[in-house]
Amino acid sequence: MTETFADLGLGEGILRAVADAGYTKPTPIQQKAIPYVLMGRDILGCAQTGTGKTASFTLPMIDILAQGRARARMPRTVILEPTRELAAQVAENFDTYGKYNKLTMALLIGGVSFNEQEKLLDRGVDVLIATPGRLLDHCERGKVMLTDTKVLVIDEADRMLDMGFIPDVERIVGLMPVIRQTLMFSATMPPEIKKLADKFLMNPKEMAVDPPSSTADTVEQAFVSVSSRSKRKTLRDLIDREGDALKNALIFCNRKREVADLFTSLQKAGYPVGALHGDMDQYKRMEWLEKFRNGDVTILICSDVAARGLDISTVSHVFNVDVPNNSEDYVHRIGRTGRAGRLGKSITLVTKEDDKLWAAVKKMVGKDIPEIKMDGSAPSSEDPAETEERSPRRPSRSRSSRGADKSSKSAPSKKAADTEETVQQSPDRDVSESETPNKEASNKPDRSRGKKEPRKPRRGRGEHHDIGELDEMTVPFGQSDQLPAFLRR
DNA sequence: AAAAAAT
């Protein structure tokens with residue numbers, strides 16, 4: 001049984017880099033895979049992110065690449081990833097572990113300019129890390145030749161399949177020499193993946209490791225019944241009531257549009273949020289991800305682009321604003337938290353319309369997921385006594401929770417206590433909650449806005465001078481709690 | 001009906 005990285009046969013520079021990074025013991029997938037990769041064997045590995053999978057191929061590849069040099073436009077190794085973020089992540093891995101081995105690398109992903117990528121290719125690269133579309137594009141332009149590829153890695157194969165990339169992958173493999181080493185990794189091994197393995201691999205060594213202990217033990221799961229109108233409010237209440245326990249959170253939505261809208265909404269309400277979805281420009285994508293990683297923002301609202309593979313080691317919470325359409329994605333989403341032995345919490349908002357999807361999720365999870373009742377006030381309408389009391393209550397609630405939101409700029413917490421007791425309101429509160437998009441919001445009676453305006457010195461950036469912006473910022477979400485001024489009449 | 005990825 002191997003105990004250390006040195007036992008695996010890795011070179012000295014790599015061992016030093018690994019030690020610098022603070023790792024002492026290889027993970028199971030690394031123990032299994034690295035010796036075979038060094039032997040030149042093909043590998044079919046069943047492993048998820050979080051198992052140390054990436055290093056199980058980057059480390060031995062650095063070792064292999066230590067011998068020889070790359071020729072112009074002819075990379076020696078190629079790594080295919082399904083998303084740009086994953087590709088960038090693997091590139092960072094090479095930076096980290098390859099720091100004592102000079103090797104050249106190019107990251108070929110879409111959404112960024114060709115120029116720089118081409119320059120790198122011209123100089124010759126040892127490692128090419130790419131998403132399929134952009135790599136093919138470069139091939140067609142004659143900027144890269146795959147005829148000298150010694151090692152190919154197909155990462156996240158099942159996801160490539162889901163995303164319809166396999167034809168692209170087949171074309172890419174067709175441009176490579178038949179004699180090469182191929183490593184294929186997949187989180188799951190459905191028959192289609194097996195078939196692909198037969199096609200791409202030669203006499204592969206098969207290995208599997210357990211998924212990182214997540215769903216079962218270290219993630220506390222719960223759900224809240226909501227109406228689709230009250231989702232945002234409920235979400236804010238949930239964030240607030242987590243208090244300091246919420247170190248950072250991923251919030252998943254099913255649609256890109258909803259990611260964008262929710263981002264605007266929470267940002268206006270003063271929460272430290274970022275956003276990530278596939279229609280954003282690449283620069284923004286990277287910027288928000290980086291800000292989330294380094295803690296500049298503690299909440300990242302995202303589509304399923306971030307559901308799999310992204311390695312953010314310390315996410316304390318995952319919120320599903322929508323039940324994922326594909327119940328497997330649920331597992332991937334909540335797998336973003338509770339990693340590396342840490343505790344995590346995931347809360348899913350479930351509407352009546354989600355019944356079927358939610359049933360599928362529960363079936364897949366295979367255990368009971370408890371319901372959170374929001375502060376005694378029933379999700380639907382079990383407390384008629386409260387119904388008439390909305391307006392009188394409003395003011396007190398506004399002070400406590402809205403006021404607290406200001407301070408939430410830096411930490412979405414603190415106010416947990418007073419929010420708890422003031423939150424209870426009529427079940428139909430979402431009427432005034434007004435989750436309407438901004439344009440509609442601005443159609444609301446001016447009166448309500450005029451009243452509130454002076455009380456809102458919070459975002460402090462002079463927006464108050466601009467009427468156009470005021471429309472956007474005053475009414476929609478941040479303040480909606482104070483709306484009843486005109487409703488009261 | 002959705003997300004991802006090439007323009």
Side-chain angles (χ1 to χ4, degrees), chain A residues 49 78-91 106-118 121 128-144 146 154-173 175 186-188 228 231 250-263 275-286 288-289 300-310 318 320-333 335-336 348-349 351 353-358 360-361:
Chain A
T49 324
V78 173
I79 298 168
L80 297 177
E81 295 287 338
T83 69
R84 298 169 187 174
E85 276 72 17
L86 282 173
Q89 202 168 275
V90 172
L107 177 62
L108 305 189
I109 58 176
V112 294
S113 96
F114 282 89
N115 288 344
E116 239 175 286
Q117 297 177 353
E118 286 177 2
L121 290 171
L128 203 58
I129 303 156
T131 45
R134 182 53 73 98
L135 176 55
L136 277 174
D137 213 338
H138 278 289
C139 290
E140 277 156 17
R141 291 160 180 245
K143 294 298 177 187
V144 61
L146 300 178
I154 303 170
D155 198 15
E156 304 268 337
D158 51 350
R159 196 167 182 210
M160 298 257 202
L161 186 74
D162 289 347
M163 289 168 61
F165 282 170
I166 296 303
D168 283 353
V169 173
E170 285 181 322
R171 285 177 61 200
I172 289 167
V173 174
L175 297 169
S186 187
T188 58
S228 33
K231 276 187 176 182
L250 288 172
I251 299 179
F252 285 99
C253 304
N254 285 2
R255 290 176 206 74
K256 291 179 276 198
R257 183 57 210 262
E258 180 59 21
V259 171
D261 290 350
L262 185 58
F263 168 70
L276 185 64
H277 66 71
D279 276 356
M280 292 167 61
D281 75 67
Q282 192 56 28
Y283 178 79
K284 278 279 173 213
R285 282 169 70 163
M286 297 194 286
W288 281 126
L289 186 57
L300 188 68
I301 306 161
C302 47
S303 67
D304 280 317
V305 68
R308 303 196 198 186
L310 279 195
V318 169
N320 293 311
V321 171
D322 304 304
V323 180
N325 294 311
N326 180 347
S327 49
E328 258 187 30
D329 284 333
Y330 175 85
V331 180
H332 291 295
R333 286 180 182 186
R336 299 304 98 209
T348 303
L349 304 189
T351 67
E353 295 73 43
D354 294 330
D355 265 2
K356 274 192 155 175
L357 289 174
W358 186 237
V361 167

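Below, read A as the first sequence line, B as the second, and so on, with proteins coming before strands; counting in each chain starts at 1. Quick note: numbers below take in every heavy atom, side chains included, and nothing from hydrogens, waters or symmetry partners.
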Worksheet item: Do the side-chain N and O atoms of A:E85 and A:T83 include a donor-acceptor pair separated by under 3.5 angstrom?
Response: no
Worksheet item: Considering residues at least two apart in sequence or located in another chain, which fulfil the ring pair (Phe, Tyr, Trp, His ring centres under 6.0 Å) criterion with A:W288?
Response: A:F263
Pairs of donor and acceptor atoms involving the side chains of residues 128-140 of chain A, under 3.5 Å and at least two apart or interchain, shall be tabulated with distances.
from   : atom 1 : to     : atom 2 : distance (Å)
A:R134 : NH1    : A:V112 : O      : 2.9
A:R134 : NH1    : A:Q117 : OE1    : 3.1
A:R134 : NH2    : A:V112 : O      : 3.0
A:D137 : OD1    : A:R141 : NE     : 3.3
A:H138 : NE2    : A:Q117 : OE1    : 2.7
A:E140 : OE2    : A:R171 : NH2    : 2.6

Discussion item. Ignoring hydrogens, what is the shortest heavy-atom contact between A:V321 and A:C253? Give both atom names and the distance.
Written reply: CB-SG, 4.1 Å
Item to complete: Search all heavy atoms of A:K256 against all heavy atoms of A:G278 and return the closest pair with its distance.
Response: CD-N, 4.2 Å
Worksheet entry | Summary of protein contacts for nucleotides 2-7 of chain B, nucleotide by nucleotide, where a base hit scores B, a sugar-phosphate-only hit scores S (4.0 Å, heavy atoms) | SSBBSS
